[in-house]
Protein chains: 2
Amino acid sequence: MFRQLADLLRGQIESGELAPGDPLPSELRLGEDHHISRTTVRQAIAQLRSEGLVTVDRPRGTFVRVSEPVEVVVLSSGERAGARMPTDTERRRFNLREGVPVLVVTAPDGTQTAYPADRYQLALP
Amino acid sequence: MFRQLADLLRGQIESGELAPGDPLPSELRLGEDHHISRTTVRQAIAQLRSEGLVTVDRPRGTFVRVSEPVEVVVLSSGERAGARMPTDTERRRFNLREGVPVLVVTAPDGTQTAYPADRYQLALP
DNA sequence: GTGGATTTGTTCGTATGTATT
DNA sequence: GAATACATACGAACAAATCCA
């Protein structure tokens with residue numbers, strides 16, 4: 001059931017029926033509409049949060065994520081780049097929302113730098 | 001409470017006390033040891049899953065994630081790269097576990113290609 | 001090979017706390 | 001102050017899959 005609700009909401013977001021910045025119905029409302037408990041509604045929304053599709057502004061409500069302006073990081077020769085979910089420390093340091101990875105740039109000497117993936121892109125020199 | 005347990009387990013993973021491939025104690029066991037309900041234990045583990053630190057092999061148990069061999073993708077001139085969590089379709093297509101982002105390479109003509117971030121890194125020509 | 005024990009998954013209900021409107 | 005909405009925690013029950021005696 002929670003998967004079905006997550007799929008439904010995800011579809012509405014991807015189709016634009018729910019546009020960035022739009023609020024989702026409240027947990028209570030979703031539960032009533034679909035005849036499921038609030039526990040199950042929360043599980044569906046937790047799924048969407050971990051996918052980075054929605055953010056919660058407690059206790060105002062749950063909203064479709066708005067994309068951030070992007071800055072570009074230019075890679076230097078010999079550097080490699082990857083991505084992973086942030087550590088707990090990084091999440092606090094960068095003030096990252098759920099479901100946002102970090103881009104990790106590794107220099108030839110092994111030094112690593114992390115960039116929040118919702119605000120940065122990588123480019124060639 | 002669930003955050004404290006997540007922090008504890010994360011610390012054990014980062015310190016190596018729990019090595020890659022090692023099983024975590026069962027949910028029931030963790031609940032007994034820390035005098036918390038299974039619900040709360042599950043919430044802590046859900047946190048670690050979304051961080052990509054552990055994977056669950058149901059119903060065998062929960063294990064510290066083992067890193068995969070990495071392939072390198074060479075970027076071409078004019079391409080940009082970012083990262084985000086996979087869509088539901090991508091997760092199934094790449095057989096991705098929870099907490100694993102995708103690297104997204106955008107060509108000058110707008111074409112995008114996604115690579116599972118646990119198996120790929122980006123490099124310069 | 002059958003059956004029981006173990007372990008995670010899903011769902012319900014309930015209660016209380018916290019922050020915003 | 002009241003209403004609203006999300007966060008946290010407990011308890012309970014059953015399902016499904018694996019493992020082992």
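For the numbers below, each heavy atom of this structure counts, side chains included, while hydrogens, waters and symmetry mates do not. In what follows, chains are A, B, ... by sequence order, proteins preceding strands, each numbered from 1.
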Should A:Thr39 be listed as having a side-chain N or O under 4.0 Å from OP1 or OP2 of C:dT10?
no
Using a heavy-atom cut-off of 4.0 Å across all strands, would you classify B:Ser26 as base, sugar-phosphate, or nothing?
sugar-phosphate
Return the nearest nucleotide to the side chain of A:Glu27; candidates are D:dA7, D:dA9, C:dT11.
D:dA7
With a cut-off of less than 4.0 Å, is there a side-chain N or O of A:Arg42 near OP1 or OP2 of D:dA7?
yes
Counting just side-chain N and O atoms, does B:Arg3 come under 4.0 Å of either OP1 or OP2 of D:dT8?
yes
How long is the line joining CD of A:Glu32 and C1' of D:dT4, in whole Å?
13 Å
Whether A:Arg49 contacts D:dA7 is assessed here as follows: a side-chain N or O lying under 4.0 Å from the phosphate OP1 or OP2. Is that the case?
yes
Starting at the 5' end of DNA chain D and moving along, which residue's nearest nucleotide shows up first, B:Asp57 or B:His35?
B:His35
B:Ser37 has a side chain; which of D:dC10, D:dC6, C:dG9 sits nearest to it?
D:dC10
Strictly below 4.0 Å, N to O, side chains only: are B:Arg3 and B:Asp7 in salt-bridge contact?
no
Measure from CZ on A:Arg60 to P on C:dT20 and round the result to the nearest Å.
10 Å
Rounded to whole Å, CD1 of B:Ile45 lies from P of C:dT8 at a distance of 7 Å
Once you round it to whole Å, what is the distance between C1' of D:dA15 and CE of A:Met1?
16 Å
C:dT20, C:dT8, D:dT8: which one has an atom nearest the side-chain heavy atoms of A:Pro59?
C:dT20
Side chains of A:Gln43 and A:Gln47: any donor to acceptor distance under 3.5 Å?
no
For atom CG of A:Leu30 and atom C1' of D:dT4, their distance in whole Å:
15 Å
Test: B:Arg84 and B:Glu90 ion pair at under 4.0 Å
yes
Nearest to the side chain of B:Arg38, heavy atoms from C-beta on, is which of D:dA7, C:dT10, D:dA5?
C:dT10
Tell me: CG of A:Leu28 to P of C:dT14, nearest whole Å?
13 Å
Provide the closest heavy-atom pair for A:Val54 versus A:Ile45 in the form atom of the first, atom of the second, distance.
CG2-O, 4.4 Å
Counting only side-chain heavy atoms from C-beta out, which of D:dG11, C:dG9, C:dG17 sits nearest to A:Arg58?
C:dG17
Measure NE2/A:His34 against C1'/C:dC12 and give the value in whole Å, please.
18 Å
Ignoring hydrogens and angles, write down the donor-acceptor pairs under 3.5 Å from the side chains of residues 114-125 of chain A, residues two or more places apart or on other chains.
residue: A:Arg119; atom: NH2; partner: A:Phe94; partner atom: O; Å: 3.4

Side chain of B:Thr40, heavy atoms from C-beta onward: which of D:dT8, D:dC10, C:dT10 has the nearest atom to it?
D:dC10
note: B:Phe2, atom CZ; D:dA7, atom C1'; distance rounded to Å ~ 8 Å
